[in-house]
Amino acid sequence: MPTVRPGQPAQVTVELENRPYSVFVGEGLLPRCGELVRGVAAIRSRKAAVVTDSNVAPLYAETVLASLREAGVEATLVTVPAGEASKSMEETTRVCREMLRAGLDRKSFAVALGGGVVGDLAGFAAAIFQRGIPCVQIPTTVVSQVDSSVGGKTGVNTPEGKNLLGAFHQPVLVLADTGTLATLPDREWNEGFAEIIKHAAIRDASLLDLAEDPAASRERLAELVTRNVAIKAAVVEEDERETSGVRALLNFGHTIGHGIEAAGGYGRFLHGEAISLGLVAAVRLSCELAGLAQEEGDRLVAALKAYGLPTRLPEDVPVDAILETMRRDKKFEEGQIRFVLLERLGSAFVSEAVTPERLEAAARELRG
Ligand code: NAD
Ligand code: GLY
């Protein structure tokens, strides 16, 4: 576990063969991004695009651009509309074309400045731009700092479902400036805790002692983010491409959660809110099929409630639409459902024992 010293960034290294990269966590990293980027061996050009969204641009783009300029990097700003709807092929094309018009070439690099939407979209654009350019992730939401900026999953949605087009493209550097979380609206702050509670559930029961206490989470923010990054890094190191089943455990709560996100038209629920509902269903199935103790399940649900996250599905969200999207989910292999269950807090496994009928019932049971 990396040490977190007040005033100093913590550093977690994602140890991938031939492509290790650093994740720095702490306050005040944005104004230092130019200097930190210049220290990355994989970055060999002084030309870059900073991709951000319409909410983050007025808050942080100038600090990042100024720091890059100071380090001799000429960067162009590409801004997409805020929100999940920007995770689309159309927006990816637009971003790539702006990069081309700005004169970026295959030696240039991209910087993703924003939440998980910008990280997934800009990471994907970097993966396909001139067959792949380096990407620096500068996550500015809880979701993106504790989860999406690390691990190299990039991609976009289609009307058929979440993240169905994409690529593995590991970042070359991640700068999680916890100071940027101060401007997050409460709803966006809270949604991040669905992924944190997920990490605790599948991998580190002791993390729940901190994560279930909203006041302690704010006070010990850098420690919280660093512990989550360390969990994510360890999982990615073990199973970068989700082939052995270890990385698949990160999908706990996501099968039904992604269905709910799509059924809500990608606008009604924030990602973490949909995942919260997916976690409640997965916890219930774990108690029923995997021997998870009821009190441990109740503790997880109480932790979600402590952040005001939804634990019951509103009546007007059609369950049929959730089921339709789930059938197209990547976690269904040749019609076989690979569903993550918990046997106890901190220990999860992939099960093939969840039938389509049981899954449908679990989605319906979220109503009451
Ligand atoms: P988001 O990127 O839409 O950010 C949420 C909102 O906060 C947006 O309106 C954004 O403009 C705003 N915002 C961002 N930073 C801000 C700041 N510092 N101050 C004020 N406002 C700010 O959503 P998200 O929750 O960060 O990410 C969700 C996305 O991440 C989903 O698309 C999900 O699928 C994806 N995700 C990907 C992975 C992965 O491994 N690649 C993992 C988890 C989630
Ligand atoms: N967020 C799931 C993964 O990175 O594998």
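As the structure is a computational prediction, the values presented were derived from the model and not from experiment. One-based numbering, in listed order, for ligands and for the atoms of each.
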Lys/Arg N to Asp/Glu carboxylate O, D320 vs R364, below 4.0 Å:
yes

Output the list of atoms in ligand 1 that are nearer than 4.0 Å to some heavy atom of [X], sorted by atom number.
| X | value |
| --- | --- |
| V56 | 13 (N), 14 (C), 15 (N), 16 (C) |
| Y60 | 18 (N) |
| K162 | 31 (C), 32 (O), 33 (C), 34 (O) |
| K153 | 40 (O), 41 (N) |
| E188 | 5 (C), 6 (C), 7 (O) |
| K232 | 40 (O) |
| E84 | 31 (C), 32 (O) |
| E191 | 24 (P), 25 (O) |

So, do [X] and [Y] sit near enough that their side-chain heavy atoms are less than 4.5 Å apart?
| X | Y | value |
| --- | --- | --- |
| F109 | V37 | yes |
| E195 | H254 | yes |
| V142 | E191 | no |

Main chain of H258, side chain of K162: is a donor-acceptor contact present, judged purely on distance under 3.5 Å?
no

For ligand 2, indicate whether the residue D147 contacts it via side chain, backbone, both or neither (heavy-atom separation under 4.0 Å).
side chain

How does H254 reach ligand 2, if at all, at less than 4.0 Å between non-hydrogen atoms: by side chain, backbone, both, or neither?
neither

Which is closest to [atom] in terms of heavy atoms, [options]?
| atom | options | answer |
| --- | --- | --- |
| atom 20 (C) of ligand 1 | T183, T52, V80 | T183 |
| atom 38 (C) of ligand 1 | A85, G119, A112, S148 | S148 |
| atom 3 (O) of ligand 1 | T141, V117, V142 | V117 |
| atom 43 (C) of ligand 1 | N55, I275, N157, D147 | D147 |

S22: what forms a side-chain hydrogen bond (donor to acceptor under 3.5 Å, both in side chains) with it, not counting sequence neighbours?
Q11

Under 4.0 Å from a heavy atom of K153: give me the atoms of ligand 2 that qualify, with their elements.
2 (C), 3 (C), 4 (O), 5 (O)

State the atoms of ligand 2, each with its element, that fall below the 4.0 Å cut-off from a heavy-atom position in L250.
2 (C), 3 (C), 4 (O), 5 (O)

Checking the N or O distance criterion of under 3.5 Å, is ligand 1 in contact with [X]?
| X | value |
| --- | --- |
| S144 | no |
| T180 | yes |
| G116 | yes |
| D120 | yes |

Heavy atoms only, cut-off 4.0 Å: how does [X] contact ligand 1, side chain, backbone, both, or neither?
| X | result |
| --- | --- |
| V143 | side chain |
| H271 | side chain |
| D53 | side chain |
| L59 | side chain |

Hits for ring pair (Phe, Tyr, Trp, His ring centres under 6.0 Å) against F193, two or more places apart or cross-chain, chain-then-number order -> W189, Y307

Testing the basics here: between L113 and T52, what is the closest heavy-atom pair and its distance to 0.1 Å?
O-OG1, 2.7 Å

Before signing off on this row, confirm whether K198 and ligand 2 have an N or O atom pair separated by under 3.5 Å.
no

Purely on distance, is any nitrogen or oxygen of N251 under 3.5 Å from one on ligand 2?
no

